[in-house]
Amino acid sequence: MQELEALRSQAEKELAAAKTIEATEAWYRDYLGRNGVVTNFLRGLGGLPREERPAAGRAGNEVKNLLEAALHTRQEAIRQREMEQALAAEGVDVTLPGRKQNLGRIHPSNQTLREISQIFGQMGFQVYDAPEVETDENNFGLLNIPEGHPARDMWDTFYTTTPGVILRTHTSPGQIHAMRAYCPEPIRVILPGKCYRHEDVSARYDMMFHQVEGLVVGHNVTFSDLKGTLVNFANQMFGEGRRLRFRKSYFPFTEPSVEVDAGCVLCGGEGCRVCKRTGWLEILGAGMVHPIVLQNGGYDPSVFSGFAFGMGPERIAMLKYGIDDIRYFFTNDIRFLERVG
Ligand code: FA5
């Protein structure tokens, strides 16, 4: 019993001297581990005379329990002290004012896309989502631009390594998706999204930009409906009185086709770098949906007619906010992103 008492007092002394959790773990191994002194003591009880064993066993277990409790208390104390030291070292002054959080804001392109969607929403258009990665067939073939057609040169295309799969050069392939989804019901949708072209990048042209396609299909849809819709859009987007110019043009998927320019706000019509000194900036292409395209969408062109347009929101934002270079949109300059809109 004396031996046990000495063991206990030695163990307690050593535990009190342990300054770290690692030191207490080493202590545990020495005394209570598989080959620890206390464990060996208990194991050796079998060698005692039978009558001494119960008392010695009780005393041994008592010491073991006491030491385990002491270890727990010691480790708690060490953890508490380490936390206090860490807090003191970090020197957190809770009375200091917090760091200002910079709130992000909606990107000018998205902001313009939202405005466009809102205006067309008021005219009864729904938003229809179409894929950015497209088939050659949807982007060209079904839009009446067969392989080898010179009109393919209007869009310098990014091809993927999968034959027949490309990045869409315009949102017009979405017309095919929408028609096939809605046919034979009438359609009034806009299709916003990103487009990709291998362009010579300049103040007006970027490699990635957004378009908003518009598509209306129904009975007796006329060019006047197209014109009225676009003029109404421009009045709401730019305010009444912004000059719009409809120029005859050519797209294989519309007949007749037009391009629409808005008076350049940057130079007030005087002519500048952005409007190529013409006083006008092209914002969209449009026209009456070609009968072949209607047919490819599932509609009978002798019963249905439709109009479509594809506008560039970055160009529209340039006009609206007086931005003189389209490249600002995607170069992530925070000064630009904070100022516009
Ligand atoms: C087209 O892409 C036709 N799909 C538009 C269309 C739709 C015609 C439906 C008829 C019916 P275009 O290549 O002109 O057409 O582009 C349309 C608009 O997208 C342009 O007026 C311009 O606002 C914008 N845009 C075109 N290329 C770029 C570019 N590289 N960077 C920024 N905006 C562009």
Side-chain angles (χ1 to χ4, degrees), residues 108-109 112-113 116 128 130 134 138-140 142-145 151-158 166-179 187 189-217 221 223 225-227 229-230 233-234 237 244-262 264 274-276 278 280-290 292-294 297 305-320 323 325-331:
S109 294
T112 313
L113 283 170
I116 294 173
Y128 189 85
E134 261 298 359
N138 285 336
N139 196 80
F140 295 118
L142 294 170
L143 292 176
N144 199 27
I145 320 174
R152 287 198 178 209
D153 294 345
M154 287 160 73
W155 298 281
D156 207 346
T157 310
F158 286 110
I166 62 166
L167 298 187
R168 69 176 172 193
T169 57
H170 52 170
T171 43
S172 297
Q175 289 186 32
I176 299 293
H177 290 285
M179 282 194 268
I187 302 181
V189 290
I190 54 168
L191 305 100
K194 291 195 185 82
C195 305
Y196 304 85
R197 292 185 196 176
H198 188 254
E199 300 271 22
D200 281 336
V201 171
S202 69
R204 290 149 47 104
Y205 293 96
D206 213 339
M207 293 225 197
M208 188 204 74
F209 54 97
H210 290 88
Q211 279 191 345
V212 178
E213 191 82 7
L215 175 68
V216 172
V217 178
V221 178
F223 196 90
D225 297 321
L226 167 62
K227 196 167 176 197
T229 305
L230 292 177
F233 163 74
M237 191 72 189
L244 274 195
R245 182 170 77 169
F246 286 70
R247 273 184 293 112
K248 65 182 184 321
S249 185
Y250 171 73
F251 295 103
F253 35 93
T254 45
E255 180 59 37
S257 305
V258 286
E259 277 174 315
V260 178
D261 306 329
C264 181
V274 175
C275 64
K276 281 204 211 143
T278 62
W280 297 95
L281 192 62
E282 181 201 311
I283 55 167
L284 62 92
M288 300 306 292
V289 182
H290 196 289
I292 290 181
V293 177
L294 278 175
S305 57
F307 68 74
F309 55 83
M311 58 177 62
E314 280 84 24
R315 295 268 183 91
I316 287 169
M318 286 169 82
L319 277 171
K320 189 160 169 163
I323 300 161
D325 197 315
I326 200 166
R327 286 166 290 194
Y328 285 128
F329 282 89
F330 300 115
T331 37

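Source: prediction; values computed, not measured. Counting convention: from 1, in listed order, for ligands and their atoms alike.
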Exercise. Atom NE2 of H198 and atom CE of M207: how far apart are they, to the nearest 0.5 Å?
Worked result: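 Interatomic distance, H198 NE2 to M207 CE, rounded to 0.5 Å: 4.5 Å.
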Problem set entry | Nearest-0.5 Å distance that lies between atom OG in S202 and atom CZ in R327 |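 Interatomic distance, S202 OG to R327 CZ, rounded to 0.5 Å: 6.0 Å.
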Please report which non-hydrogen protein atom sits nearest to [atom], along with the residue it belongs to and the distance in Å to one decimal place.
atom	answer
atom 22 (C) of ligand 1	R315 NH1, 3.4 Å
atom 14 (O) of ligand 1	E282 OE2, 3.3 Å
atom 25 (N) of ligand 1	F209 CE1, 3.6 Å
atom 6 (C) of ligand 1	G285 O, 3.5 Å
atom 24 (C) of ligand 1	G312 CA, 3.8 Å
atom 32 (C) of ligand 1	I326 CD1, 3.3 Å

Exercise. Which one of E259, Q211, H170 has a non-hydrogen atom at the shortest distance from atom 16 (O) of ligand 1?
Worked result: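 Selected option, by shortest heavy-atom distance: Q211.
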List every atom of ligand 1 that sits less than 4.0 Å from any heavy atom of [X], numbering the atoms from 1 in the order shown and giving each element.
X	value
Q175	9 (C)
E199	27 (N), 29 (C), 30 (N)
A308	9 (C), 11 (C)
T254	10 (C), 11 (C)

Mind checking whether [X] and [Y] have side chains closer than 4.5 Å, heavy atoms only?
X	Y	result
I145	R152	yes
L143	I176	yes
W155	N139	no
L294	M179	yes
I316	I116	yes

Answer yes or no for [X]: is there a heavy-atom contact with ligand 1 below 4.0 Å?
X	answer
R204	yes
F307	no
A286	yes

Exercise. Which heavy-atom pair separates A130 from H177 by the least distance, and what is that distance?
Worked result: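 That closest heavy-atom pairing would be CB-CD2, 4.3 Å.
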Between ligand 1 and [X], is the shortest N or O to N or O distance under 3.5 Å?
X	answer
S172	yes
E213	no
D206	yes
L284	yes

Just heavy atoms, cut-off under 4.0 Å: does [X] contact ligand 1 by side chain, backbone, both, or neither?
X	result
M154	neither
I283	backbone
F309	backbone
R197	side chain
F251	side chain

When you measure from the side chain of [X] to the backbone N and O of [Y], does any donor-acceptor pair fall under 3.5 Å?
X	Y	result
T169	T157	no
E213	L191	no
R168	K194	yes

Exercise. Angle class for the F330/H210 ring planes (parallel below 30°, perpendicular above 60°, tilted otherwise)?
Worked result: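 Ring orientation of F330 relative to H210: tilted.
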Exercise. What about the rings of F253 and H170, do their centers lie closer together than 6.0 Å?
Worked result: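 Aromatic pair counts; centres sit under 6.0 Å.
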For this session: For atom OH of Y196, decide whether the heavy atoms of other residues, nucleotides or ligands shown that lie under 6.0 angstrom number more than 12.
Result: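 Yes, OH of Y196 has more than 12 neighbouring heavy atoms, counting only those of other groups under 6.0 Å.
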